[in-house]
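The block underneath contains the structure these notes are about, expressed in structure tokens.
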Amino acid sequence: MAGYGLPIASFIVGIILWEAYVRVFKVPAFLFPPPSAIVQVYFTGRIDWVGQTLVTVTEAIFGLVIGVAVGFALALVITLSSILNKILMPYIVALQVLPKVAIAPILYILLGFTDTSRILLIVILTFFPIVINTTTGLTDVDRNLVHLLKSLGASGTTIFYKVRLPNSLPYFFDGLKIGVSGALVGAIVAEFVSSSKGLGFLILNSQYTFNTVAAFGAFVILTVLGLLLYGGVILLGRQLMPWYRPN
Amino acid sequence: MAAIVAVENIGKTYTTVNGDEVVALEGISLAIQKDETVAIVGPSGCGKSTLLRLIAGVERPTDGKIERGTRDGRFIVGYVFQDSSLMRWRTVYDNIRLPLEVVNSHNYEKIDQLIEMTGLKGFEKAYPIELSGGMQRRVSIARAFVHEPSIVLMDEPFTGVDELTKEALQHELGTMLRNLRATAMLVTHDIEEAVFLSNRIFVMSRRPGRIVDEVPVKLPADRDPSMRSDLAFFDAAKKVREKLLAMQAMSVDVEAASPSD
């Protein structure tokens with residue numbers, strides 16, 4: 001725990017300085033609310049924080065799960081078939097190069113203001129790091145291990161299960177770390193554009209009503225959610241890969 | 001004695017991405033008898049590792065043929081690589097077990113025997129990341145012997161290991177080769193390692209790799225570190241070194257004689 005002392009102290013000092021600055025310079029709460037006001041906003045009873053948070057979390061996790069499944073399946077396909085690799089790669093790369101939040105408004109023209117369009121945006125934001133990282137893990141294997149198994153008469157399938165698949169696990173988890181951040185971004189952008197619920201909608205609504213403190217309340221929850229999801233991925237990775245130490 | 005491997009006039013040519021042809025090996029012939037260890041010594045890039053892969057059957061020669069003697073109707077190799085090449089997601093025990101899984105053998109007592117022989121007792125559940133470089137080599141060596149292969153192929157097995165650990169590992173490997181009555185082929189650029197571990201040393205030339213000499217090692221079968229100061233040890237090492245130096249001088253002469261453009 002000794003290593004955490006300075007970061008915790010730094011965080012607490014930052015919060016105190018923030019509170020002091022707002023009080024000393026009498027900054028209006030609708031411009032820049034102090035931490036004490038943000039804490040109070042959770043207890044006014046005017047906003048269903050739990051309900052709104054659940055909407056965003058459900059969307060993010062649902063989209064993430066589908067994005068991971070699609071990403072993993074695509075990685076398998078493009079690793080196992082060089083022809084499909086060549087056919088699919090231009091589309092995957094084009095989709096990645098495009099700033100994906102830009103296509104959000106168009107998704108709603110195509111699919112309407114539905115849960116499907118919101119989830120699809122999250123899927124688009126999450127699947128790419130999974131595809132690229134998992135593909136790297138499936139292909140960037142120790143050639144000696146492949147030679148060893150080949151020399152013992154192992155089939156391509158055996159080499160895949162015994163070498164390629166386990167080798168891809170750390171790469172997959174690195175992709176998942178990027179994916180969870182993308183899932184939250186996707187959920188918020190989707191709610192900005194097309195929803196009447198969730199933390200994204202709450203932030204947008206706060207802008208219209210100058211209820212900046214509520215927006216800050218949402219930021220705090222999103223930060224905590226991001227940390228929990230990211231930390232969850234790290235913990236799961238440690239559980240499934242006791243043999244792996246990241247550099 | 002029956003030959004486990006008979007290599008007859010093989011060559012290997014690679015085509016580069018630019019379409020150029022590179023001759024890696026040319027006119028290689030040699031035979032490896034049962035229960036003997038032969039070493040291949042040569043400069044870097046002479047095709048030593050390629051020769052191992054051809055014998056293992058991982059690659060096919062462009063010319064010539066390789067005949068492989070069988071044990072119980074099958075030819076199986078054990079492989080020791082220069083960087084251990086362990087599966088980092090497997091424990092020591094499971095890494096050693098790998099060849100048994102692939103050849104569908106349940107001779108798990110052999111794993112325990114090799115763990116004992118290689119001094120890995122107590123480390124069965126450790127992952128490679130938890131082991132020193134020397135310990136990883138031991139796992140790699142145990143893995144190469146566990147399925148009782150027809151031949152053990154070793155590709156610079158102790159590169160990067162500190163000198164004292166290397167000598168200890170060489171002694172342990174030599175003892176294992178003898179006790180397990182294994183047939184082995186060692187590729188190395190360490191002349192002393194070749195002399196200490198092998199019965200015969202083939203010297204290879206720079207690319208295209210050809211066998212330019214065969215040096216017998218007249219040391220007793222049972223070897224211990226004290227033999228490193230025997231006359232026969234020095235004699236074999238001297239012959240190999242002289243041959244390598246002569247080739248090096250020749251290649252320098254050829255380069256000097258080539259017109260510069």
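Order of the sequence lines fixes the chain letters, A, B, ..., with proteins taken first and strands second; residue numbering starts at 1 for each chain.
- Using a 4.5 Å cut-off between heavy atoms, B/V103 touches chain A through its side chain atoms alone.
- Remark: the backbone N or O of A/D140 is paired with a side-chain donor or acceptor of A/N167 at under 3.5 angstrom.
- Heavy-atom pairs under 4.5 Å with chain B were tallied for A/V163, A/T158, A/V141; the largest tally goes to A/V163.
- Both the backbone and the side chain of A/N144 come within contact range of chain B, judged by heavy atoms closer than 4.5 Å.
- Using bins of under 30°, 30° to 60° and over 60° for the plane-to-plane angle, the ring pair B/Y108/B/H106 lands in the perpendicular bin.
- In this structure a side-chain-to-backbone donor-acceptor pair under 3.5 Å is missing from A/S81 to A/V77.
- B/Y79 has its ring centre less than 6.0 Å from the ring centre of B/F81.
- Of the two parts of B/L98, only the side chain, counted from C-beta on, holds a non-hydrogen atom closer than 4.5 Å to a non-hydrogen atom of chain A.
- A donor-acceptor pair shorter than 3.5 Å cannot be found between the side chains of B/D190 and B/T188.
- At a 4.5 Å heavy-atom cutoff, B/D155 makes no contact with chain A through either its backbone or its side chain.
- Proximity to chain A (any heavy atom under 4.5 Å) is restricted, for B/E130, to the side chain, taken from C-beta onward.
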